[in-house]
There are 2 protein chains.
Amino acid sequence: MDEPDGAPAPARRGGNGRAGRVAYDLDAVLSVAVQAFNERGYDATSMGALAERLGTSKSAIYYHVSGKEELLRLALERALGKLERLLDEPDPAASALDRLERVLRGAVRVLVAELPFVTLLLRLRGNTEVEREALARRREFDHAVARLVEEAVADGALRSDVDARTATRLLFGMVNSLVEWYRPGGGLSADQLADAVVAMAFEGLRA
Amino acid sequence: MDEPDGAPAPARRGGNGRAGRVAYDLDAVLSVAVQAFNERGYDATSMGALAERLGTSKSAIYYHVSGKEELLRLALERALGKLERLLDEPDPAASALDRLERVLRGAVRVLVAELPFVTLLLRLRGNTEVEREALARRREFDHAVARLVEEAVADGALRSDVDARTATRLLFGMVNSLVEWYRPGGGLSADQLADAVVAMAFEGLRA
DNA sequence: AGTCCTACTTACCGATCGTTCAGTCAGGTT
DNA sequence: AACCTGACTGAACGATCGGTAAGTAGGACT
């Protein structure tokens, strides 16, 4: 673990950038940072440790971003943006249950595709303003899904003996827990995963 | 938030302790510490901030514990101990499914009863040796439950089209997510919660 | 009265934190 | 040749970190 092995190689600028030398771009810095934040925790990851992973100096990072917190902000924006877009095309003709299933499968897809970024999002504690704002946006997303569940219960499509809010939270608990164990390339595709989630959520595990 | 309002009042020693003055005991320090760790994160919680919450000085804490990490160790021990004891009385006569349901309900019960301690356990990143050891014990608990699921699938009691390992992880994801939202006294008892978990896990949400 | 113990307090330590700043150097432009 | 700019380096900043050393108030015990 002495060399920044897992890190993407510094992107030597082709024709895109104007000039310069070796050059990480912002995306490379961001993805290395997010990976480090997820492994050790945001607070426990120092800018020095980050620089070591990148193979540069601490201060080089400050050329690309204004500070540690901006790295967090950029990463959270990426995760939240993708999730929020899930709610944009609802297809009002479909039943609440169908729309719920669509959002559920979409959430699994985004989670898998943007695993490190969503992982970071789901571990926030709300210590700073940046974190609190992200948590508020996440809550808004949760509420939108909760409304879908309530609609589906009202339609008679979902059982009514389990409280809709509780059901929504258990549902999210199941989906969000993916970031703690799912790793792509482990013989389980995103679609298979979504199938398992939907099967367990709607039909249950009983044979 | 200037005064340690939420903190349990310092326990003035009655006849139990030998002598002394004002005196927090270890349990009071521990419970305040765990609450702080959960609110801000372990790494983001300084001993100074902890002392402020307790209404004492930093070094007073060092009279009760050897350091920050021992606070963590003691808290994790409490959570893990309770969880591990769940697996001790299996009643070999019962079916795997029945034993699984029992463990599931027991896990919800422990989680609710020891909410702050289990919360801390579930948020570990494995940065130090103490954390890694706790994570190993937690994994062992997970594996024991996974074996129950596999047994139940082999019995034909659980559906076999969803992989047993995946099912176990989704199950734990659902249960463990409780620490993120369940608050006692919110009109939902631990038993009702366990009912909801078991209903969704085994029968599914579909009406 | 004197001693001991408990439960602290005040003052401080070296290390590390995120951040800044002045300087450097390769290449592009003029 | 002179100058500019983008992308850094190395050293340092004040703040804060976890932890320690030394001293002490107050009750218990002899």
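Throughout, a chain's letter reflects where its sequence line sits, starting with A, and its residues are numbered from 1. What you are looking at is a predicted structure, and each value in this text was computed from that prediction instead of being measured.
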[X] [atom1] to [Y] [atom2] distance, which is reported to the nearest 0.5 Å:
{"X": "A/E114", "Y": "A/L80", "atom1": "CD", "atom2": "CG", "value": "11.5 Å"}
{"X": "B/T168", "Y": "B/H143", "atom1": "OG1", "atom2": "NE2", "value": "9.5 Å"}
{"X": "A/D163", "Y": "B/Q192", "atom1": "CG", "atom2": "CD", "value": "9.5 Å"}

Self-check item: Sequence neighbours excluded, every pair satisfying side chain to side chain donor-acceptor pair (under 3.5 Å) that has a member inside residues 121-135 of chain B
Solution: B/E69-B/T128, B/R123-B/E180, B/E129-B/R132

Can you check the [X] [atom1] to [N] [atom2] distance for me, whole Å?
{"X": "A/D43", "N": "D/dC17", "atom1": "CG", "atom2": "C1'", "value": "13 Å"}
{"X": "B/E52", "N": "D/dC17", "atom1": "CD", "atom2": "P", "value": "10 Å"}
{"X": "A/L50", "N": "D/dC8", "atom1": "CG", "atom2": "P", "value": "14 Å"}
{"X": "B/Y62", "N": "D/dT20", "atom1": "OH", "atom2": "C1'", "value": "9 Å"}
{"X": "B/L26", "N": "C/dA7", "atom1": "CG", "atom2": "P", "value": "11 Å"}
{"X": "A/L71", "N": "C/dG18", "atom1": "CG", "atom2": "P", "value": "11 Å"}
{"X": "B/L72", "N": "D/dG19", "atom1": "CG", "atom2": "P", "value": "12 Å"}
{"X": "A/I61", "N": "C/dT20", "atom1": "CD1", "atom2": "P", "value": "13 Å"}

Self-check item: Nearest to side-chain heavy atoms of A/Y63, which nucleotide of C/dC8, D/dC8, D/dG18
Solution: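 The listed nucleotide nearest to A/Y63's side chain is D/dC8.
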
Practice problem: Spell out protein contact along nucleotides 10-16 of chain C as letters: B when the base is contacted, S when just the sugar-phosphate is, - when no protein heavy atom is under 4.0 Å; keep the 5' to 3' order. | Solution: B------

Practice problem: List for me each residue that meets side chain to side chain donor-acceptor pair (under 3.5 Å) alongside A/T119, sequence neighbours excluded, and say none if there are none. | Solution: none

Quiz item: Are any side-chain N or O atoms of A/D43 and backbone N or O atoms of B/A44, one a donor and one an acceptor, separated by less than 3.5 Å?
Solution: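 No: the side chain of A/D43 does not pair with the backbone of B/A44.
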
Quiz prompt | Phosphate OP1/OP2 of D/dG6: any A/H64 side-chain N/O under 4.0 Å | solution = no

